[in-house]
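Residue numbers run from 1 in the order of the sequence given. No hydrogens, no waters, no symmetry mates; every other heavy atom, side chains included, goes into these values.
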Amino acid sequence: MTLPLSIRRRAVLFIVALFSRFPLRVSQSIGVALGWLVYLLPNREKRTAETNIATCLPELTRPEQSVLLRQTLIENAKTLLEMPAVWLGDPSIWIARVVPGKAEDICREILAQGRGLIAIGTHQGNWEVGIHYLSSLSKVTALYRPPRAAELDGLIKAGRTSSGVNMLSATPKGVKGLYTAIKNGEMAALLADQQPKAAGRQGSVFAPFLGRPALTMVLACRLAKRTGAPVLFMFAERLPGAKGYQMHWFKGPDEIYDANLVVAATAMNRGLESCIRYRPSQYLWSYRRFTQQRESLRAPDTD
């Protein structure tokens with residue numbers, strides 16, 4: 001039996017509001033328990049993560065892959081349990097929990113040049129905290145793709161904009177907003193490790209990603225080529241013991257500015273891989289990244 005939309009929406013929002021009240025240490029502890037449960041029981045998330053890890057990191061032994069599988073399911077569960085407090089909480093509290101390291105100096109130096117900055121992120125660590133942190137360095141414009149759970153759409157968007165981030169829909173108007181932000185010397189932010197919806201169209205090409213051909217968005221590459229803005233890859237690593245988050249930044253490969261979109265997308269994917277390989281346990285391996293392949297995009301035979 002399917003619950004009416006209004007009842008389902010109220011139930012989801014109630015659960016989110018409830019978990020938003022938990023201290024970070026409590027949320028993460030529940031996340032550990034939930035991650036173990038996902039690891040021990042048969043489920044799609046576990047199967048997908050297991051397949052992706054075995055395919056993308058073949059250099060790991062089977063025991064090492066099993067350990068990474070358990071770790072990533074636990075870290076992903078922590079992320080899930082942290083999100084309600086990030087969306088509904090005071091952004092300044094989360095920004096204060098970020099350990100910037102050298103990242104802040106690097107970003108400020110680039111932004112001081114007035115050329116803008118393209119920050120490309122991965123679904124790794126806690127990306128919502130990372131978005132809040134970016135807003136403490138510069139005006140930020142980011143594209144927004146509504147979640148599958150429509151009940152969370154307004155909540156997530158409100159949470160991300162609460163720190164001043166300008167969230168735009170993934171439409172031509174939204175893309176224009178990214179160019180405007182860079183032209184104004186501001187930051188454009190994208191999470192670029194997901195499979196584009198516009199399969200086989202101008203918005204994507206196939207490029208190697210963790211050793212496999214993957215349908216890859218080219219928007220960030222086009223932004224880089226047309227604006228000449230510096231590119232940095234980033235993610236917010238979760239520190240142990242609820243001690244906060246560490247920002248990590250990686251310089252974008254020079255080939256990301258190449259006019260050949262396959263060359264540029266391949267370079268972008270190498271930048272994403274730099275983040276993922278640095279802390280693979282906190283990457284979202286349960287995401288079905290490789291469902292679109294060239295064969296599935298071919299036009300059907302006709303008589």
Side-chain angles (χ1 to χ4, degrees), residues 56 98 100-125 127 130-131 133-143 165 170 174-175 177-196 203-237 246-280 282-284 289:
C56 298
V98 173
K102 297 179 181 179
E104 186 166 334
D105 291 339
I106 294 172
C107 291
R108 292 193 186 280
E109 288 174 7
I110 291 176
L111 290 166
Q113 300 172 9
R115 299 165 55 204
L117 171 63
I118 302 172
I120 302 178
T122 59
H123 286 80
Q124 185 174 7
W127 52 91
I131 288 290
Y133 170 74
L134 296 184
S135 70
S136 72
L137 303 177
S138 165
K139 280 190 173 183
V140 178
T141 298
L143 286 191
V165 176
V175 172
L178 293 179
Y179 282 102
T180 300
I182 295 173
K183 182 179 179 181
N184 293 337
E186 300 167 3
M187 190 185 303
L190 304 93
L191 293 172
D193 58 331
Q194 287 188 311
Q195 188 169 252
S204 61
V205 296
F206 277 96
F209 179 67
L210 292 166
R212 290 192 62 183
L215 194 65
T216 302
M217 70 158 62
V218 295
L219 173 57
C221 305
R222 286 192 167 120
L223 281 173
K225 174 64 178 176
R226 295 181 185 177
T227 66
V231 176
L232 290 176
F233 293 82
M234 59 87 187
F235 76 99
E237 176 191 1
Q246 169 78 56
M247 287 299 299
H248 296 286
W249 296 84
F250 301 84
K251 185 179 180 297
D254 292 338
E255 294 85 355
I256 199 169
Y257 300 94
D258 200 286
N260 184 314
L261 288 177
V262 174
V263 172
T266 300
M268 185 186 74
N269 283 347
R270 288 205 309 273
L272 295 171
E273 289 176 23
S274 297
C275 297
I276 295 167
R277 292 183 183 278
Y278 186 89
R279 193 66 69 221
Q282 295 196 17
Y283 186 60
L284 190 64
R289 181 67 179 85

Open item on the list: Could you tell me if the side chain of Leu261 sits less than 4.5 Å from the side chain of Arg222, heavy atoms only?
Closed with: yes
Open item on the list: How long is the straight-line distance from SG of Cys275 back to CG of Leu232, given to the nearest 0.5 Å?
Closed with: 10.0 Å
Open item on the list: In the structure I gave you, are the side-chain heavy atoms of Asp258 and Lys225 within less than 4.5 Å of one another anywhere?
Closed with: no
Open item on the list: A side-chain contact here means heavy atoms from C-beta on lying under 4.5 Å apart; do Leu210 and Arg277 qualify?
Closed with: yes
TODO: Please round to the nearest 0.5 Å and tell me the distance separating atom CG of Leu223 and atom CD1 of Ile118.
DONE: 5.0 Å
Task: Residue pair Met247 / Pro100, side-chain heavy-atom distance below 4.5 Å - done: no
- [ ] Any chance you could lay out the side chain to side chain contact (heavy atoms under 4.5 Å, CB included) test for Leu219 and Val175, step after step, and finish with the verdict?
- [x] CA-CA 8 Å; Leu219 173 57; Val175 172; 3.7 Å; yes
TODO: Cation-pi check, Arg289 to Phe209: give yes when NZ or CZ is under 6.0 Å from the six-membered ring centre and within 45° of the ring axis, no otherwise.
DONE: yes
TODO: Determine the minimum heavy-atom distance between Gln124 and Arg279, stating which atoms define it.
DONE: NE2-O, 3.0 Å
Task: Considering all heavy atoms, the nearest Arg115-Ala229 contact - done: O-CB, 3.5 Å
Open item on the list: Within the 4.5 Å heavy-atom criterion, are Trp127 and Thr122 side-chain neighbours or not?
Closed with: no
Task: Inter-residue atom distance Lys251.NZ - Ile110.CD1, 0.5 Å rounding - done: 9.0 Å
Open item on the list: Checking the side chain of Ser138 only, and the main-chain atoms of Leu134 only, is there a donor and an acceptor separated by less than 3.5 Å?
Closed with: no
Task: Between NE2 on residue His123 and CD1 on residue Ile276, distance to nearest 0.5 Å - done: 11.0 Å
TODO: To the nearest 0.5 angstrom, please state how far the SG atom of Cys107 sits from the CE atom of Met187.
DONE: 5.0 Å
- [ ] Find the distance between OG (Ser204) and CD (Gln195) and round it off to the nearest 0.5 Å.
- [x] 9.0 Å
- [ ] Give the C-alpha distance, both sets of side-chain angles, the deciding distance and a yes or no for side chain to side chain contact (heavy atoms under 4.5 Å, CB included) between Leu137 and Glu104.
- [x] CA-CA 7 Å; Leu137 303 177; Glu104 186 166 334; 3.6 Å; yes
Open item on the list: Quick check on Phe250: does its CZ atom have over 12 non-hydrogen neighbours (other residues, nucleotides or ligands) under 6.0 Å away?
Closed with: yes
Open item on the list: What I'd like to find out is whether the side chain of Val140 reaches to under 4.5 Å of the side chain of Ile131, using heavy atoms alone.
Closed with: no
Task: Side-chain heavy atoms of Phe233 within contact of Asp193, under 4.5 Å - done: no
TODO: Determine the minimum heavy-atom distance between Ala207 and Thr266, stating which atoms define it.
DONE: CB-OG1, 3.7 Å
TODO: Locate the shortest heavy-atom distance separating Leu111 from Gly185; write the atom from each residue and the value.
DONE: CD2-O, 3.9 Å
Task: Exercise: identify the closest heavy-atom pair between Ala220 and Met268 - done: CB-SD, 3.8 Å
Task: Nearest atoms (heavy-atom pairs only) where Ala265 meets Val218 - done: CB-CG1, 4.4 Å
